[in-house]
Structure formats: C-alpha cells, structure tokens
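Letters A, B, ... mirror the listed sequences (proteins, then strands); counts begin at 1. Keep in mind the model is a prediction, meaning the values are calculated, not measured.
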Amino acid sequence: MAKQDKLVEAITAMDQDFAQWYTDVVLKAELIDYSAVKGCMILRPYGYAIWENIMQNLDRMFKKTGHENVAMPMFIPESLLQKEKDHVEGFAPEVAWVTHGGNDKLTEKLCIRPTSETLFCDHYANIIQSWRDLPKLYNQWVSVVRWEKTTRPFLRTTEFYWQEGHTAHATAAEAQEETLRMLETYATFYRDYLAIPVVRGQKTDKEKFAGAVSTYTVEAMMHDGKALQSATSHYFGDGFAKAFGIQFTDKNNTLSYVHQTSWGLSTRSIGAIIMVHGDDNGLVLPPRIAPIQVVLVPIAAHKPGVLEKVRAVADDLGELFRVKLDESDKMPGWKFAEYEMKGVPLRLEIGPRDLENNQCVAVRRDSGEKVTLSLDNLATEVKRLLDEIHTGLYKKAEDSLNSRIYDAKDWATFTDLIANKPGFIRAMWCGDLACELKIKEETTATSRCMPFEHTANGDTCVCCGKPADKLVMWGKAY
RNA sequence: CGAGGUGUAGCGCAGCUGGCUAGCGCGCCUGCUUUGGGAGCAGGAUGCCGGAGGUUCAAAUCCUCUCACCUCGACCA
C-alpha cells in the first residue's frame, strides 16, 4: 500500500509514459544531472562508474586484438576538417567552433572534434612510410561535441564520451576484415557484458557514415520496441587516404594508399542498458558492469554481533566482487527500495536471525526471488547467482527481441505493423533511395540495417513492388 | 529550427481576478526511541518567486522583453 504509492510516485510506470520513465530513472538512480550548458549532462559517480566498467572491459578486448590507445587534440583546424568532402558535409552542420583565443580573434577557427578521422588521417600521413609501419591500430577514449538540436541523457547529448578506433592497413581486404572484427567485438561485448542481444548488419547508403564506403552496425531493441544504434564500424577504403595523402611503399616498392577503418561505441550504450533491462522499480544492471554487484544490508544493526558479522562478510566478498555495505541509519525497507531503483543485481540481508543459523538472505534484482544462503560457501553461491542473473537478463532480452521481429511482404502489412506493432520489420527493398525516403516519410520508420543473418522473405520491394534482392530490417529509432 | 508546455526552498508542487510576515509535502540538521519492504515523536534550518525593464501607494501575482529546461516533430552515435 504505502510502499506501492511511494514507488509509483518516485518513478513513472513504463507503460504509462516510457519517455518520462526513462528521465525519472536516469535522475533518481543518480546516473546524471543536467548541467549549466544546454544538452550537456554531468555523469555522476554512479553513472560514471558504469562507464568505467564499460571502458575497462571493452579496452581489454581492444588490447587483446592488438590495438593501442592514443590521445588526439580536441581541436581541428577548419582547413583540416574540410579535406574530405563527404565527411565535412556530414558533420559541418553540427560542429562547435572556437573563434577566439583570449581576446584575440583566431586567424583560422578551430572546430571542437565531432569525431577524429581528420586528426588521425593527418597524423597517419606523417608517420606511415613503409608497409612495415602497417597496420596502425589506434584507439582513443575521449569526448566529442555535436551541436544537436534536441538532446536526451545518454541517447543524444551535445558532448558525449566514447571510444573511437582508427586503423590503417596495407590492403583493402585487411581493412574490411578489421571492420567486421570490431563489429563482432561490439556484438560480443553487448552479449557478454551488457546482456543485450543485437542485430548485426550493414547500413544502407543513406544511413552510412559521412565519408565511409560502408558502415556496419549493431542494433538493439529497447523495451518500447524502438531501435537503438548501439555501435558502428566503418570501412573507408582509400578515400580518406587520398584526401590526406596517406601513402606507403609496399613490398613491391610501389607507392600505395592505405585502407582505413573507424569504429565507435559511446555512453549511449548506457541508455541501452537502461531501456533494455529496466523495469517499473527502476534500473536493472547487468552484473558484469554494475558498479555495485552486491549490496549488504544489516538488519537490526544495533543488536550484538550483527555489524561485526556483516562487516566480515563484506570484507570477504569484497575480494571477489564489487560490494557495498550500507551501514547508514536508514530503515531496511528504504534501503531495499533504494538499491532496487539503482539496479544492484544482488542484495544480501544479514540480521540476528541469520547469525543464529550462519546464513543470509539473498534477493535477486531481476526476479525478486529470495533465497537463504549458508555463509560457509557464500562467495561460490554469489558467483553462481550473478552468472545466473546475467544469463537470465540476456535470455529475457533475446526473447523480447525475437518475439517482436515481424515480416512484411506488402505495403499494407508493412504500414499496419509499423502503426500497431512496436518492433522491427523485415522487408525486401529494391535499393532505391526514393523507396527508403518514402517509407520514412509515411511511417517514420528508417532502415536500421541489412542483417548479416537472414533469408529473403520475398523478391519484390515492399514499397514499390519492383524486383528486390535486399532484405532490410526497418524500425522506429532513437 | 517549427509547435506546445514549465520556471516559487535540495526535489515535487500550491499561491497568480494585485494587498500585509510566501505556504504545503518530501528531503535536510539535532536528540531519543526504532530496524526482516520506503519508521515514530520532539525541536530546527533553508527562498533576490528564472532574469531585466515597466504599470502601481503596493507585484510571485498585471504588461513587455529575455534566458533556461521539458515534450513532440525535422536533423544526428
């Protein structure tokens, strides 16, 4: 009764207003705060801790595949940005410019990086001479600025944190292989760390990155059936190399251009975590990136022995897991609700009753299930539960994704599905930009990607009826 | 950038047909009692009423301008 009222009061129900639920969660779980600059968010400790765990694990995967981290400047001279035509056309409308240094006007204005292809290319042109210098497998963890018209925490902010990988290779085949390897790395990361299933695929020309030959994406489905482009990997061919003069002498003593890639994953991934796993009580965090994996709540902490025992357990578990012991004088019920809202995967309660029996009560965030655990092999049991939670979250998200992918073979079915069934639609496409534009115009759905794994579900375009051999995954997107 | 909306205590809001000392809930601080699902009692602190102009004896309240934020579109990771 009182509890239900309070919870409803704190967080808007998902089904009532999903957008408001999202805003409530990011603020109440203390992931972010709004800042003095429009569209910029402050990543608060709890939100930043999630990002730290994402960085740590993804960075390890990058290092394993031979990548090195660097740090480029945040400024790009206007002339440098303009070297690649498609690239500048794509980004110019949304860059922020620095025009003054102190009180003096700069002779050339500087753009605050919206992405760093131009800086990496300029640098590569200087340091690559021989095939022995290749490949260059660089990555950086930085923030970038894009002057977006409307913003939402994590999903679209004026400044956002991300990693951008930029690589240069001797051959096209090698670069293409790298592009797909990194896409696969993202898909694996989403599955193994964020417990989120994704659809891998290639972007249509309309949706591809400015300056790329081809763009690949991993698309995730949010609770409301909308798509979130969750990471992208681009193959550049030698387009940037020619614009920036990145040449090397190959094994045959021939001067050649490098072939390049870039790939990125941003703090938007935190938005995906929230919108895939969250529920009406707030966040539900996948154990492997949760800042707190286990929260310990003492019950009747003033009773003899309780605090001593709970501290000892916290010390033990702290060796293996990210553990928080909440010794504050809040009521236990308050703590339960608080850590549920913050998405902590596992809660352990220890009170006088448990002391007598050498046990504790464990409560799972994902299912609410309560079990009694012996303190003797607690670490083993905690490990098992956290793994189970991860697997369970993934399974649930996978079922949710698979159950909302529909097939449309004709226009009537397509428009009906878009209007009435939140989710993705698989439909054939003739490849004509006009059809893609018409679909967007009339349904607000966009082509999310041409999935790698698919079987054609027809041979005519869902829009114009002409022969079609491309299967596209369509959907409304964030 | 188009269309709507909101700015009053840390948060959520009331007050707004001008009127006297600006209020409520939650939170916060102190003390005591409590502790297995958001505790109880007692005491306490907190406001340039988003900003700037105007009208008036008198402005949170009326007028003008401005800024910020939110939602929905168009644009994008």
Side-chain angles (χ1 to χ4, degrees), chain A residues 1-12 17-20 22-24 27-28 30 33-41 90-95 114-115 143-164 186 203 206-210 215 217-220 227-234 262-272 281 297-303 306-307 326-341 347-355 359-361 363 368 370 372 440-441 444 446 477-478:
Chain A
M1 33 144 264
K3 173 197 162 201
Q4 283 306 316
D5 290 347
K6 283 268 188 174
L7 288 175
V8 170
E9 203 174 46
I11 299 174
T12 307
D17 183 345
F18 191 68
Q20 190 60 51
Y22 180 82
T23 308
D24 286 350
L27 292 174
K28 301 245 160 69
E30 298 183 340
D33 194 12
Y34 293 108
S35 77
V37 179
K38 175 188 165 70
C40 293
M41 62 180 178
F91 282 101
E94 55 182 45
V95 295
T115 178
S143 72
V144 292
V145 168
R146 299 183 188 177
W147 218 257
E148 304 285 357
K149 308 279 194 227
T150 47
T151 57
R152 299 192 64 192
F154 294 116
L155 303 177
R156 186 172 298 104
T157 47
T158 302
E159 180 186 18
F160 61 87
Y161 293 86
W162 75 346
Q163 57 71 217
E164 45 179 327
Y186 289 141
K203 287 287 188 186
K206 176 181 173 296
E207 300 285 330
K208 77 183 184 189
F209 180 82
T215 289
T217 178
V218 289
E219 300 280 327
L228 189 73
Q229 180 175 306
S230 301
T232 47
S233 185
H234 316 288
S262 84
W263 25 275
L265 177 146
S266 73
T267 38
R268 175 181 267 192
S269 55
I270 297 174
N281 289 332
V297 178
I299 308 295
H302 61 289
K303 296 267 172 72
V306 171
L307 214 43
D326 189 342
E327 289 191 21
S328 73
D329 58 2
K330 300 275 193 199
M331 298 295 288
W334 189 94
K335 293 177 185 174
F336 299 165
E338 177 70 8
Y339 293 104
E340 276 166 17
M341 186 175 72
R347 177 176 83 236
L348 298 182
E349 305 168 18
I350 297 183
R353 216 154 66 203
D354 302 302
L355 291 187
Q359 64 177 36
C360 70
V361 174
V363 185
K370 271 188 194 187
T372 303
K440 184 173 185 189
E441 173 75 22
T444 75
T446 51
Y478 276 97

Under 4.0 angstrom, heavy atoms only, what part of the nucleic acid is [X] near: base, sugar-phosphate, or nothing?
X: A/T215; answer: nothing
X: A/P298; answer: nothing
X: A/L265; answer: nothing
X: A/T232; answer: nothing
X: A/G264; answer: nothing
X: A/V144; answer: nothing
X: A/S230; answer: nothing
X: A/D329; answer: nothing
X: A/E338; answer: base
X: A/F160; answer: base

Among the candidates [options], find the nucleotide nearest to the side-chain atoms of [X].
X: A/A19; options: B/rC76, B/rC72, B/rU35; value: B/rC72
X: A/E349; options: B/rC72, B/rG36, B/rG37; value: B/rG36
X: A/V361; options: B/rU71, B/rG36, B/rA77; value: B/rG36
X: A/V363; options: B/rU35, B/rC76, B/rG37; value: B/rG37
X: A/T444; options: B/rU71, B/rG36, B/rA74; value: B/rA74
X: A/I299; options: B/rC75, B/rU71, B/rG36; value: B/rG36
X: A/R156; options: B/rC76, B/rA77, B/rG38; value: B/rC76
X: A/T23; options: B/rA77, B/rG38, B/rU71; value: B/rU71
X: A/S266; options: B/rC72, B/rG37, B/rA77; value: B/rA77

Roughly how far apart, to the nearest Å, are [N] and [M] at atom [atom1]?
N: B/rA14; M: B/rU55; atom1: C1'; result: 27 Å
N: B/rA77; M: B/rC69; atom1: P; result: 23 Å
N: B/rA22; M: B/rU66; atom1: P; result: 31 Å
N: B/rC24; M: B/rA9; atom1: C1'; result: 12 Å
N: B/rG43; M: B/rG37; atom1: P; result: 30 Å
N: B/rC48; M: B/rG44; atom1: C1'; result: 24 Å
N: B/rU71; M: B/rU30; atom1: P; result: 37 Å
N: B/rU56; M: B/rC29; atom1: P; result: 48 Å

What is the distance from [atom1] of [X] to [atom2] of [N], rounded to the nearest Å?
X: A/L27; N: B/rU71; atom1: CG; atom2: P; result: 10 Å
X: A/F336; N: B/rU35; atom1: CZ; atom2: P; result: 13 Å
X: A/E148; N: B/rC70; atom1: CD; atom2: C1'; result: 17 Å
X: A/D326; N: B/rU35; atom1: CG; atom2: C1'; result: 13 Å
X: A/H302; N: B/rU33; atom1: NE2; atom2: C1'; result: 10 Å
X: A/W334; N: B/rG38; atom1: CH2; atom2: P; result: 13 Å
X: A/L355; N: B/rG36; atom1: CG; atom2: C1'; result: 13 Å
X: A/H234; N: B/rC76; atom1: NE2; atom2: P; result: 14 Å

For [N], give the paired nucleotide (Watson-Crick: N1-N3 plus N6-O4 or O6-N4; G-U: N1-O2 and O6-N3; both under 3.5 Å), or none.
N: B/rC76; result: none
N: B/rA60; result: none
N: B/rC41; result: B/rG31
N: B/rC11; result: B/rG25
N: B/rA3; result: B/rU71
N: B/rG47; result: none
N: B/rG18; result: none

Within-4.5 Å side-chain heavy-atom neighbours: A/K440 and A/K206:
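Yes - at least one pair of side-chain heavy atoms lies under 4.5 Å apart.
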Closest approach of [X] to [Y] (non-hydrogen atoms, all atoms of both residues):
X: A/A227; Y: A/E219; result: CB-OE1, 3.9 Å
X: A/C360; Y: A/I350; result: CB-CG1, 3.6 Å
X: A/R268; Y: A/Y478; result: NH2-O, 4.3 Å
X: A/E164; Y: A/V144; result: OE2-CG1, 4.0 Å

May I have the step-by-step check of side chain to side chain contact (heavy atoms under 4.5 Å, CB included) for A/T232 and A/W263, ending in yes or no?
CA-CA 6 Å; A/T232 47; A/W263 25 275; over 6 Å; no
Can a side chain N or O of [X] be found less than 4.0 Å away from OP1 or OP2 on [N]?
X: A/T151; N: B/rC69; answer: no
X: A/K440; N: B/rC75; answer: yes
X: A/K330; N: B/rC28; answer: yes

Do side-chain atoms of A/K28 reach the backbone of A/M341 as a donor and acceptor pair under 3.5 angstrom?
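No, the answer is negative, given that no donor and acceptor are paired below the 3.5 Å cut-off.
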Any donor-acceptor pair under 3.5 Å from A/K203 side chain to A/H234 backbone:
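Not at all, since once roles are kept as given, no pair shorter than 3.5 Å links the two residues.
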A/E159 and A/S143: side-chain hydrogen bond (donor to acceptor under 3.5 Å, both in side chains), yes or no, with the steps?
CA-CA 6 Å; A/E159 180 186 18; A/S143 72; 2.6 Å; yes
Would you kindly check if the NZ (Lys) or CZ (Arg) of A/R347 is within the cone defined by 45 degrees around the ring axis of A/F336 and under 6.0 Å from the six-membered ring centre?
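Yes, A/R347 sits over the ring of A/F336.
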5' priority, RNA chain B, between A/Q20 and A/A477 [closest heavy atom]:
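So the residue in question is A/Q20.
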Nearest-nucleotide comparison on RNA chain B, the residue closer to the 5′ end among A/Y478 and A/R347:
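Result of the comparison: A/R347.
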